[in-house]
Amino acid sequence: MSGDAASQTACETPFDAMARSQLPAWQETARHAASLERTTLRDLFAADPARGTRLTAEACGLYLDFSKQRLTGDTLQLLVKLARSCGVAERAEAMFGGERINVTERRAVLHVALRAPRSRQIFFDGEDVVPGVHAVLDAMAACATEVRDGRWTGHTGKPIRTVVNIGIGGSDLGPVMACQALRHSSDRSLTLRFVSNVDGTDFAEAVRDLDPAETLFIVSSKTFTTQETMANASSARDWVLQALKDEGAIAKHFVAVSTNAEAVAAFGIDTANMFGFWDWVGGRYSMDSAIGLSTMIAIGPDGFREMLAGFHAMDEHFRSAPFDENLPVLMGLLAVWNTTFLGSRTIAVLPYDQYLARFPAYLQQLTMESCGKRVTLAGEPIDPCAEGGYTTGPIYWGEPGTNGQHSFYQLIHQGTEVIPCDFIAFANSLNPLGRHHDLLMANVFAQAEALAFGKSAEQLAAEDCPEWLTPHRTFPGNRPSSTILAERLTPAVLGSLVALYEHAVFVQGAIWNINCFDQWGVELGKQLAGRIVPELESAEEPELTHDSSTNALIRRYRRLRG
Ligand code: F6P
């Protein structure tokens, strides 16, 4: 990090494995958290009339109000000190500098290069990667423009009208989220569909009303080996060939996005129709790489570049702003504060914008595949029950408001769990309709207010609430939330919002001393499934050597299936 941020850093333990909880800054923060136990948000707001404007920060069109978090100015200073002690700035510089900070996969983590302007240089292993990034972007733009203009014709000469992205995890969730988020600026004459699940229903329902002659499949897979994606791609090929009856149709109806040219060619897709990326792009950090081809087709190359500019603006902010004004640093610290020091286990993300309906699902992979780790970078256990242990990644979940209000908000207001909330809202609707937007915004402001201040027994008494009903109608309040407010949901704002969470995850990882960029936890299930497939498919009754439960389930499945 440079400028202000660098001058603030005084790293006590940049990359070592010293237990985080032994750091003086950690211990001070823990003591401070205990001292705040009885302080409520009511107290804090009463003591400081300027709190609501003081505990805020703003960058890249995003205004962050974190005044309704359970913290004080001292907390903030301690958390900033903790971030410095944990080497957040040094680690960020190592990321931006192309070091192999994904130590278990020996990979660099350079998604920031995907949105660097042409004029920038970012080096990995002595090579500037930015020209390669822009070469792919240009190739994507050519493809997207041909499809949008109707110049990309299928095997029978009909223009492509439907684009189906086949991918899963990071090769699906980002494009799904972005295509929905930016639907307002998308080409409505094109239909975008997404197939991810290996459940055949996903593919069958996605294509049932489509004309193969007008359909283009984008097979998106970093590795091009993922079971689900390969199964869906193979069904797509069969579906196209069944209708068009000519292998030559594949070239017109399939493109690939991958780092694995060999596997793409082996599948039968011409590598001239392959859009590449690099192993320094993690799947969950790839929506702005070629994995975003479907997004670019939907919103056009200019819209996509606008989104990249939003990402880049947040990268620059993250790299240069002082920690106490730095949105990703603040968001990361808030997650650490709530999870590790105040004991919350989940964070709800509640966008008050229907276009962001899939944003929580997207964030689940970003945050939970990144921070769902139980050993340090050096491989030492982080056991929250052991002396000096601590909790790491919280569970992220959510739904758009106001729908969630009529479903799970009850528990957030009155349940026994404290669930910090991130509210996301926009001052202007992309679909102004009567009073709708003011109603929507009134609700988001009201929810944060109700969570923070609740409703006391005294207030209820003043409303003549019968005594027996009072406990049921009391809201404890003191429930933390942050509100992110932007002017409107544009491609640039979406880019900044995603980069905000990406870097907030980075900050959490640096503080918890974990590797946010690997995902070994998804491997075992894949391996076991690979072993079970032949046991399900064999004509002979297989000899099963699993545990008694798995054996019985497999036998029952084979029997029921007939
Ligand atoms: O199973 C987890 C995972 O490896 C994710 O990290 C990744 O986004 C997803 O699978 C898809 O991988 P690929 O793009 O290689 O098909």
Side-chain angles (χ1 to χ4, degrees), residues 101-111 114 136 140 164-179 194-199 202-203 217-237 254-267 269 274-295 358-373 393 396 498 501-502 505-506 509 514-533:
I101 61 168
N102 176 355
V103 289
T104 61
E105 296 180 312
R106 297 197 172 82
R107 288 181 181 161
V109 175
L110 270 178
H111 46 274
L114 298 170
V136 173
M140 289 164 64
V164 182
N165 185 77
I166 297 178
I168 197 163
S171 302
D172 169 71
L173 290 161
V176 170
M177 180 277 288
C179 285
F194 297 87
V195 176
S196 55
N197 200 333
V198 76
D199 181 347
D202 203 9
F203 181 79
F217 288 96
I218 305 175
V219 184
S220 298
S221 175
K222 181 175 168 181
T223 54
F224 229 74
T225 57
T226 303
Q227 185 198 55
E228 295 90 331
T229 301
M230 291 302 103
N232 280 317
S234 159
S235 297
R237 189 174 47 188
F254 282 83
V255 300
V257 178
S258 187
T259 56
N260 187 349
E262 218 175 297
V264 168
F267 180 85
I269 297 177
M274 171 179 147
F275 302 89
F277 60 116
W278 304 269
D279 75 0
W280 40 259
V281 182
R284 53 193 177 274
Y285 298 90
S286 68
M287 61 167 273
D288 47 346
S289 71
I291 291 290
L293 179 60
S294 52
T295 313
R358 294 297 286 164
F359 192 66
Y362 167 77
L363 272 192
Q364 284 185 319
Q365 188 199 12
L366 177 64
T367 58
M368 288 157 75
E369 210 172 63
S370 298
C371 294
K373 308 291 160 65
Y396 275 78
V498 172
Y501 277 96
E502 284 179 347
V505 161
F506 180 92
I514 55 175
N515 186 356
C516 279
F517 303 106
D518 61 12
Q519 56 285 317
W520 299 103
V522 301
E523 292 302 323
L524 179 58
K526 287 186 195 173
Q527 279 168 16
L528 294 180
R531 184 179 148 202
I532 293 172
V533 169

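Atoms within a ligand are numbered from 1 in the order they appear, just like the ligands themselves. No hydrogens, no waters, no symmetry mates; every other heavy atom, side chains included, goes into these values.
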**OP:** Between Gln519 and ligand 1, find which residue part has any heavy-atom pair under 4.0 Å and reply side chain, backbone, both or neither.
**Re:** side chain
**OP:** Kindly state each residue pair satisfying side chain to side chain donor-acceptor pair (under 3.5 Å) with at least one member in residues 521-531, sequence neighbours excluded.
**Re:**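 Residue pairs with at least one partner in residues 521-531: Arg531-Thr545.
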Give the residue and atom name of whichever protein heavy atom lies nearest to [atom], and the separation in Å to one decimal.
atom                    : answer
atom 12 (O) of ligand 1 : Thr226 OG1, 3.5 Å
atom 4 (O) of ligand 1  : Lys526 NZ, 3.9 Å
atom 15 (O) of ligand 1 : Thr223 OG1, 2.6 Å
atom 11 (C) of ligand 1 : Ile168 O, 3.2 Å
atom 8 (O) of ligand 1  : Gly170 N, 2.7 Å
atom 3 (C) of ligand 1  : Glu369 OE2, 4.2 Å

Hey, which atoms in ligand 1 end up nearer than 4.0 Å to a heavy atom of [X]?
X      : value
Ser171 : 13 (P), 14 (O)
Gln365 : 5 (C), 6 (O), 7 (C), 8 (O)
Val522 : 1 (O), 2 (C)

Identify the heavy atoms of [X] and [Y] that sit nearest to each other, and give their distance.
X      : Y      : answer
Asn102 : Val109 : CB-CG2, 3.9 Å
Ser294 : Phe194 : OG-CE2, 3.7 Å
Arg284 : Tyr362 : O-OH, 3.7 Å

Original post:
Would you say Glu228 contacts ligand 1, with heavy atoms under 4.0 Å as the rule?
Top reply: no
**OP:** Output all residues satisfying side-chain hydrogen bond (donor to acceptor under 3.5 Å, both in side chains) with Thr225, sequence neighbours left out; order by chain, then residue number.
**Re:**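 Testing Thr225 for side-chain hydrogen bond (donor to acceptor under 3.5 Å, both in side chains), a comparison that skips the adjacent residues, returns Thr223.
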Original post:
Does the Thr259 side chain pair with the main chain of Lys222, one donor and one acceptor, at a distance under 3.5 Å?
Top reply: yes
**OP:** Please tell me if the side chains of Ser220 and Thr229 come closer than 4.5 Å, counting only heavy atoms from C-beta onward.
**Re:** no
**OP:** Using the six-membered ring wherever Trp is involved, compare the ring planes of Phe517 and Tyr285 and label them parallel, tilted or perpendicular (cut-offs 30° and 60°).
**Re:**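 If you compare the ring of Phe517 with that of Tyr285, the planes turn out tilted.
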Original post:
Taking distance alone, with no angle check, do Lys222 and ligand 1 share an N/O pair under 3.5 Å?
Top reply: yes
